[in-house]
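Whatever order the structure lists ligands and atoms in, that order sets their numbers, starting from 1.
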Amino acid sequence: MKVIVTGGAGFIGSHLVEALVQQGAKVQVIDNLSTGNENYLPEGVPLYQLDIRSEEAGERIVFEQPDIVFHQAAQVDVQRSVKEPGYDAGVNIAGSANIIQACMQASVRKIIYASSCAVYGDLNSPLIEEQDPVSPLSFYGLSKLTPESYLRIFHELYGLEYTVLRYANVYGPRQTPKGEGGVVSIFMDRIRKGLPLVIFGNGEQTRDFIYVKDIVEGNLAAITRGNGQIIQLGTAVSTSINDLMLKLRNIHGQNLISTYQQERSGDIKQSCLNNVKALQDLKWQPKYDLNRGLQDTYDYEINRD
Ligand SMILES: NC(=O)c1ccc[n+]([C@@H]2O[C@H](COP(=O)([O-])OP(=O)(O)OC[C@H]3O[C@@H](n4cnc5c(N)ncnc54)[C@H](O)[C@@H]3O)[C@@H](O)[C@H]2O)c1
């Protein structure tokens with residue numbers, strides 16, 4: 001199987017590339033290295049250092065004619081999307097349209113798109129379902145949502161096969177503190193530097209933290225399942241930021257200090273994704289509980305130079 005991973009040098013993309021290589025796939029990566037790192041790629045995986053908005057990126061896909069394209073590349077900084085909506089839309093909307101069109105022209109078997117729980121905004125619901133209304137609070141949420149419609153329309157017009165995977169808050173080794181699921185990597189970064197963990201508001205806001213290896217398994221399952229579907233990849237378990245801090249204290253030691261600062265405007269109060277559809281359509285369910293995933297992430301982050 002021949003595969004192209006856009007954003008393959010990034011946090012999630014590089015774990016996906018590793019797993020695909022282990023499965024014996026012939027993998028190539030398109031990444032402009034804006035947040036990614038070439039060193040995250042397994043040896044022998046070709047990197048095309050291209051922007052997803054460029055003609056060259058589209059031409060590469062058409063030339064290679066891969067079976068599957070995993071589209072992970074994106075501008076992932078929510079704050080930047082608010083400050084520079086044009087840039088954010090350029091990468092996440094126009095860049096995605098460029099990649100999707102190339103997939104159609106290359107007659108790929110399927111494109112699998114990394115979407116996000118940010119598309120929902122603040123639903124005030126304890127467990128979000130795929131059919132819940134979407135109302136993003138940031139331009140990032142909107143720019144991740146729009147390519148879902150491009151995929152649907154490309155499918156209707158040209159029969160291009162696709163699956164949309166809406167990820168919960170992903171964490172794990174190699175995560176950049178700037179990305180949307182960033183709180184775990186921000187906390188890890190502060191632990192490494194011996195700084196207190198800063199919690200905004202009362203810390204009772206909740207998130208659905210999912211380990212990166214589970215996200216990889218969800219992507220692999222989508223190679224053969226979930227055609228034409230929008231599917232959430234989450235744990236269906238809510239964890240407050242206070243609970244997260246306590247878990248990290250258990251791992252690191254009681255000397256881990258936290259401080260509280262004023263609530264940030266626009267912070268979502270609760271976000272947790274139902275995963276029943278993923279089980280039905282992809283035969284996927286998460287395998288890592290938060291304690292295990294955090295321990296693995298801690299071991300990697302604290303021991304790296
Ligand atoms: N991390 C999360 O919690 C989370 C949650 C929901 C969805 N997602 C989605 O998962 C995907 C991967 O995110 P991540 O957390 O691994 O972030 P990341 O920043 O580590 O990875 C993104 C990759 O895309 C590359 N990239 C960015 N702009 C590009 C461009 N114009 N052309 C080519 N390459 C470009 C970067 O260099 C990087 O390697 C993104 O689509 C993101 O929206 C992530």
With a 4.0 Å heavy-atom cut-off (strictly under), which part of [X] contacts ligand 1: side chain, backbone, both or neither?
| X | answer |
| --- | --- |
| Tyr48 | neither |
| Ser115 | backbone |
| Ala57 | neither |
| Leu50 | backbone |
| Leu33 | backbone |
| Val91 | side chain |

Is the shortest N/O to N/O distance between [X] and ligand 1 below 3.5 Å?
| X | result |
| --- | --- |
| Ser116 | no |
| Gly36 | yes |
| Ser34 | yes |
| Gln75 | no |
| Ile12 | yes |
| Tyr140 | yes |
| Tyr167 | no |
| Ala73 | no |
| Asp51 | yes |
| Val170 | yes |

Practice prompt. Just go through Gln175, Arg174, Gln72 and tell me whose heavy atom is the nearest to atom 12 (C) of ligand 1.
Written response: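 Among Gln175, Arg174, Gln72, the closest heavy atom to atom 12 (C) of ligand 1 belongs to Gln72.
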Worksheet item: Heavy atoms only: which of Ile52, Thr35, Asp31, Asn37 is nearest to atom 32 (N) of ligand 1?
Response: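 Checking each option, the heavy atom nearest atom 32 (N) of ligand 1 is found in Ile52.
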If we only consider heavy atoms of [X], is any one of them less than 4.0 Å away from an atom in ligand 1?
| X | answer |
| --- | --- |
| Ala168 | yes |
| Gly95 | no |
| Asn92 | no |
| Tyr171 | no |

Under 4.0 Å from a heavy atom of [X]: which atoms of ligand 1 are those, numbered in the order shown and with their elements?
| X | result |
| --- | --- |
| Val76 | 13 (O), 17 (O), 19 (O), 40 (C), 42 (C), 43 (O) |
| Lys144 | 40 (C), 41 (O), 42 (C), 43 (O) |
| Gly7 | 23 (C), 24 (O), 39 (O) |
| Ala114 | 10 (O), 11 (C), 41 (O) |
| Gly10 | 20 (O), 21 (O), 38 (C), 39 (O) |

Shared ILVMFWY cluster between [X] and [Y], side chains joined below 4.5 angstrom?
| X | Y | result |
| --- | --- | --- |
| Leu290 | Ile191 | yes |
| Ile230 | Ile223 | no |
| Tyr300 | Ile215 | no |

Discussion item. Does the plane of the ring in Phe154 sit parallel, tilted or perpendicular to the ring in Tyr158? Use 30° and 60° as the thresholds.
Written reply: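 Plane angle between 30° and 60°, so tilted.
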Worksheet item: In terms of ring plane angle, is the pair Tyr211 and Tyr288 parallel, tilted or perpendicular, where the classes change at 30° and 60°?
Response: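 Tilted: the ring planes of Tyr211 and Tyr288 meet at 30° to 60°.
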Worksheet entry | Nearest heavy-atom neighbours spanning Phe139 and Val82 |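 Closest approach of Phe139 to Val82, heavy atoms only: CD1-CA, 3.8 Å.
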Worksheet item: If you draw a 6.0 Å radius around CD in Glu156, do more than 12 non-hydrogen atoms from other residues or ligands fall strictly inside?
Response: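 For Glu156, atom CD is crowded (more than 12 foreign heavy atoms under 6.0 Å).
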Worksheet entry | Enclosure of Lys287 NZ (heavy-atom neighbours >12, cutoff 6.0 Å) |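 Atom NZ in Lys287 is not packed in, count stays at 12 or less.
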Item to complete: Check for a donor-acceptor pair, side chain of Gln75 on one end and backbone N or O of Val91 on the other, with a separation under 3.5 Å.
Response: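 Not confirmed, Gln75 side chain does not pair with Val91 backbone.
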Item to complete: Please confirm whether Tyr113 and Tyr162 have ring centers closer than 6.0 angstrom.
Response: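 Tyr113 vs Tyr162: aromatic centres not under 6.0 Å.
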Discussion item. Using side chain to side chain donor-acceptor pair (under 3.5 Å), reason through Glu148 and Ser115 one step at a time and then give a plain yes or no.
Written reply: CA-CA 8 Å; Glu148 295 186 1; Ser115 185; 2.6 Å; yes
Fill in: Check against side-chain contact (heavy atoms from CB on, under 4.5 Å), Arg190 and Leu197
CA-CA 6 Å; Arg190 294 188 72 87; Leu197 307 187; 4.1 Å; yes
Item to complete: Take Asn291 and Gln295, measure what side chain to side chain donor-acceptor pair (under 3.5 Å) needs, and give me the verdict at the end.
Response: CA-CA 6 Å; Asn291 293 317; Gln295 182 71 56; over 6 Å; no
Discussion item. Please tell me whether Asn242 and Glu204 have a donor and an acceptor in their side chains that are separated by less than 3.5 angstrom.
Written reply: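 Note: Asn242 and Glu204 side chains meet the donor-acceptor criterion.
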Worksheet entry | Thr239 side chain reached by Asp208 side chain, heavy atoms, under 4.5 Å |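 Contact flag for Asp208/Thr239 side chains = no.
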Fill in: Salt bridge present between Arg60 and Glu64 (N-O < 4.0 angstrom)
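A salt bridge is present here (some side-chain N lies under 4.0 Å from a carboxylate O).
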